[in-house]
Protein chains: 2
Amino acid sequence: MEKKKDVTIYDLAQELGVSPSTVSRALNDHASIGKKTKKAVRKLAESKGYRPNTFASSLRTNQSNTIGVLVSWINRPFISSLISGIEKEARDKGYHVIISQSHDQSELETENLQALYDSRVSALIVSLAMETVDYRPFDLFRKHGIPVVFVDRVPVLQKIHKVHINNFKAAFDATEHLIAQGCRRIAHFGGARHQAIYEERRAGYIAALKKNNIEVDNTIILEAESLSLEEGTRLAEKVLDLPIPPDGIFCANDTAAVSAIHCAKVRGIKIPGELAIIGFNDDPICKIIEPPLSSIHHPAVEMGKAAVREVMSMLDTAPANADALNKEPSGGKTNLVLETHVVVRASSNRLGA
Amino acid sequence: MEKKKDVTIYDLAQELGVSPSTVSRALNDHASIGKKTKKAVRKLAESKGYRPNTFASSLRTNQSNTIGVLVSWINRPFISSLISGIEKEARDKGYHVIISQSHDQSELETENLQALYDSRVSALIVSLAMETVDYRPFDLFRKHGIPVVFVDRVPVLQKIHKVHINNFKAAFDATEHLIAQGCRRIAHFGGARHQAIYEERRAGYIAALKKNNIEVDNTIILEAESLSLEEGTRLAEKVLDLPIPPDGIFCANDTAAVSAIHCAKVRGIKIPGELAIIGFNDDPICKIIEPPLSSIHHPAVEMGKAAVREVMSMLDTAPANADALNKEPSGGKTNLVLETHVVVRASSNRLGA
DNA sequence: ATATTTTGCGCAATCGATTGCGCTTAGGGA
DNA sequence: TCCCTAAGCGCAATCGATTGCGCAAAATAT
């Protein structure tokens, strides 16, 4: 076993008979170093297998070239695709990605926030925990000029950077789709209303009803904590037990929609004939379940990439956080809205178009 | 906006009238510091919101408290659960997790390996890319005494640390289950054979046939590159087009099994009556598809956690990689095999047990 | 009361890369 | 030929935490 001490710029400097500063600048393509010197340094660095010590560099420059990612659960279809996109885009730009999950709990979220801050991430990409209503923990980053970009589950604040979709419109479209299929009594299974995305989906749903002169009936507008399979089942049974059950359901996620389909099938209710159903997210299960589930397609991977690009541009304009004293650090705002569209499948297709 | 210079141990030292060394040792609970001093230091650190600079610490100690994770694709059910487990266990032990994906390409895998090495991860957890047959790039870590633990898709080497399942047995069980259900002509959809897990599953399948005196027919043992939905469909059509189609299929993953189910249904083949099917992984879709898909349950989250625990114990026994000169660094080996079990669902349940 | 440990801390070097400032030398202009 | 500019590099400090060695004061032994 070799004792393989890593080679440093000092080793290179000594071997070339120049100073470490020169080596450093040569490697960083600094303007004040001669062509031939640069070439020589790089060649030797290459041949000796020099690898910069990122700790030393980070210590000096106080930046890590790392993007922190904070999400609820990694093992959810939408989130894992989001992260996949983030990782790819970030790595292409020479950044590392360090992840952590909040398990949808605000407390864990705050802890992880602190940990990510401690590890001096260059920037942060966040999809909020379901519980979160207090955004103050994020000020830690704002105060230090560290870019924060929210994705999907974004706070209801104006002066922040966010990458998301138009939930109102998507929900509106989904609902109008059901209406177009002839539904006149449409239920809605939503998520916690303090989370903007769910409130907006609900609002879009209601707007669509109103526009089409359909009465808004609160007895068929239900709210779930987590929209899990179990909760979906509970909600589905609730509305199907009603004296006048709905003839359509718009679910704020696919999981609950799947439960609804199961429930309906168990009861012998015809889908979409007697009950049309549409979900949200376009998870893989949509194509698997029977009947295939209509849904709102969500550009997960692209959202991840877009978030990274957003982070990069923020990093460019508001450089080192050491300079963050005078200029409002991430004072600007962005509101990147990605496109969604209704994916019509058998669960809601009555017209057979 | 505050200029908020981070507080350092020097600040604390000055304010307390002690030396930085004392502060450092007090914070690290070093034995040679008095009780009262420790208490005082900690209290001040707390009140001033001191946060250690991990770069400085890492530079000095040459270790990052970070675990690198290298997988094929993050957005796959099994992998995302694996990572979820890794993240949780690692963070509980004060480690960060930095992830990267190989997209199942050896080249990208090697690149990411280098990047992870450059970022001086304390240890590495890997699930191989489908393509990978050359394990030499991993020597980089071995040579420097950095623990490497392989998970699930592990190399066919002896002297390494791995956490996986008994693929042979799982496949054997799956196949025997089909046999027990009365199947006598069982097809197998496998993955690339140079990947041990697929070769083992294939071997387990064959062993089960032989043990039950069933002829091994190579025309119904197929191999796929990636076992995707599309490939699954292709393979399914191939065997169902045969003069004597199979009465059972054991798929090396659930995705391909889902395709098989679809194909069979399209052709009006009764499942499980005329064709019993079992998959592998127990992905969420198993419960969703109709009929529900039997599968091999894979403890994904637990595998992730186990891998982290394994890494930790390696870190304990073979401490700093600076000492790695004399003692064979990660010279030992581990072969942690987690339990799997057959989950019987309708797709293979002919006896109605 | 003197000698000997033990306890508690400080000094200063170190980890490797970065960078402001200044010096040297080559080249151009008058 | 002399002065000046700019190109090309080096010096040394710096980032913040860690640690081997050494010293002084307090505690215990003789």
Side-chain angles (χ1 to χ4, degrees), chain A residues 3-42 44-45 48-65 117-120 144 319-323, chain B residues 3-42 44-45 48-65 117-120 144 319-323:
Chain A
K3 63 165 24 180
K4 276 292 176 198
K5 209 64 176 53
D6 286 329
V7 5
T8 71
I9 57 171
Y10 294 94
D11 301 330
L12 301 180
Q14 185 159 37
E15 192 154 337
L16 284 171
V18 297
S19 79
S21 353
T22 300
V23 174
S24 172
R25 287 193 258 253
L27 258 15
N28 290 315
D29 205 25
H30 192 286
S32 77
I33 300 295
K35 293 261 188 188
K36 38 296 200 85
T37 307
K38 282 184 185 173
K39 196 148 296 180
V41 169
R42 287 185 186 145
L44 183 64
K48 298 206 70 171
Y50 166 76
R51 298 270 108 197
N53 184 317
T54 57
F55 298 145
S57 172
S58 291
L59 172 59
R60 187 63 226 267
T61 64
N62 201 40
Q63 52 167 315
S64 59
N65 265 225
Y117 175 75
D118 289 348
S119 72
R120 264 75 172 180
H144 289 257
N321 51 16
D323 308 356
Chain B
K3 64 166 20 180
K4 276 293 177 197
K5 208 69 176 52
D6 285 329
V7 6
T8 72
I9 58 171
Y10 294 93
D11 301 329
L12 301 181
Q14 184 159 39
E15 192 155 337
L16 283 171
V18 299
S19 80
S21 355
T22 299
V23 174
S24 173
R25 287 194 258 252
L27 258 14
N28 290 315
D29 205 25
H30 192 286
S32 78
I33 299 294
K35 292 261 188 188
K36 37 296 198 84
T37 308
K38 282 183 184 172
K39 196 148 295 180
V41 169
R42 285 182 188 148
L44 184 64
K48 298 206 70 171
Y50 167 76
R51 297 271 108 197
N53 184 317
T54 57
F55 299 145
S57 171
S58 292
L59 173 58
R60 185 64 226 266
T61 64
N62 201 39
Q63 51 168 318
S64 60
N65 264 225
Y117 175 75
D118 289 348
S119 72
R120 263 77 172 179
H144 288 257
N321 51 17
D323 308 356

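Note that the structure is predicted; figures quoted are calculated from it, not measured. Within every chain, numbering begins at 1; the chains are lettered A, B, ... in the order of the sequence lines, protein sequences first and strands thereafter.
Between B:L12 and B:A45, the closest heavy-atom pair is CD1-CB, 3.8 Å. Of all heavy-atom pairs spanning B:S32 and B:R25, the tightest one is OG-CD, 4.1 Å. The two atoms that bring A:R42 and A:A26 nearest to each other are NH2-O, 3.2 Å, heavy atoms only.
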Expected rows: protein N/O vs nucleotides 5-8 of chain C N/O, under 3.5 Å:
none

Please write out each protein N/O paired with an N/O of nucleotides 12-15 of chain C under 3.5 Å, distance rounded to 0.1 Å.
residue : atom : partner : partner atom : Å
C:dT14  : O2   : B:R60   : NE           : 3.4
C:dT14  : O2   : B:R60   : NH1          : 3.1

Quick one: which protein N/O atoms are closer than 3.5 Å to N/O atoms of nucleotides 22-28 of chain C? Pair and distance per line, please.
none

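Evaluation of the side-chain contact (heavy atoms from CB on, under 4.5 Å) rule for A:T37 yields A:T22, A:I33, A:V41 as partners, not counting sequence neighbours. Taking the ring-ring contact (aromatic ring centres under 6.0 Å, His included) definition, one finds that B:Y50 meets it with nothing, sequence neighbours left out. With sequence neighbours excluded, no residue forms a side-chain contact (heavy atoms from CB on, under 4.5 Å) with A:T54.
In this structure, NZ on A:K48 lies 9.0 Å from OG1 on A:T8, to the nearest 0.5 angstrom. The CG atom of B:L59 lies 12.5 Å from the OG atom of B:S64; values are rounded to the nearest 0.5 Å.
Judged by distance alone, the side chain of B:R120 and the main-chain N or O of B:D118 form a donor-acceptor pair under 3.5 Å.
Proximity note for A:T22 (side chain, C-beta onward) versus C:dA17, D:dA17, D:dG10: the nearest is D:dG10.
One atom, CG of B:D6, and another, P of D:dG16, lie 8 Å apart when rounded to the nearest Å. Atom-to-atom, CG of A:N28 to P of D:dG8 comes out at 17 Å; the value is rounded to the nearest Å. For A:L27 and C:dT19, the CG to C1' distance is 15 Å, given to the nearest whole Å. Look at CG on B:L12: it is 12 Å from P on D:dG16, rounded to the nearest Å. Computed from coordinates, the B:H30 NE2 to C:dC9 C1' distance equals 11 Å when rounded to whole Å. Rounded to a whole Å, the CD1 atom of B:I9 is 11 Å from the C1' atom of D:dT19. At whole-Å resolution of the value, CD in B:Q63 and P in D:dA17 are 16 Å apart. At whole-Å resolution of the value, NZ in A:K38 and P in D:dG8 are 9 Å apart.
For the pair B:Q14/B:V23, no side-chain contact is recorded, criterion being any heavy-atom separation below 4.5 Å from C-beta on. For the pair B:L44/B:L16, a side-chain contact is recorded, criterion being any heavy-atom separation below 4.5 Å from C-beta on.
Among the protein residues, B:V18 comes within range of the sugar-phosphate backbone only, with heavy atoms under 4.0 Å from sugar or phosphate atoms but none that close to a base.
Applying the 4.0 Å criterion to OP1 and OP2 of C:dA17, one finds that A:S57 has every side-chain N and O outside that range.
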- Verify side chain to side chain contact (heavy atoms under 4.5 Å, CB included) between B:I9 and B:L27, making sure each step is shown before the conclusion. CA-CA 9 Å; B:I9 58 171; B:L27 258 14; 4.2 Å; yes
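Taking 3.5 Å as the limit, the base of D:dG8 and the side chain of A:R25 contain no donor-acceptor pair of atoms between them.
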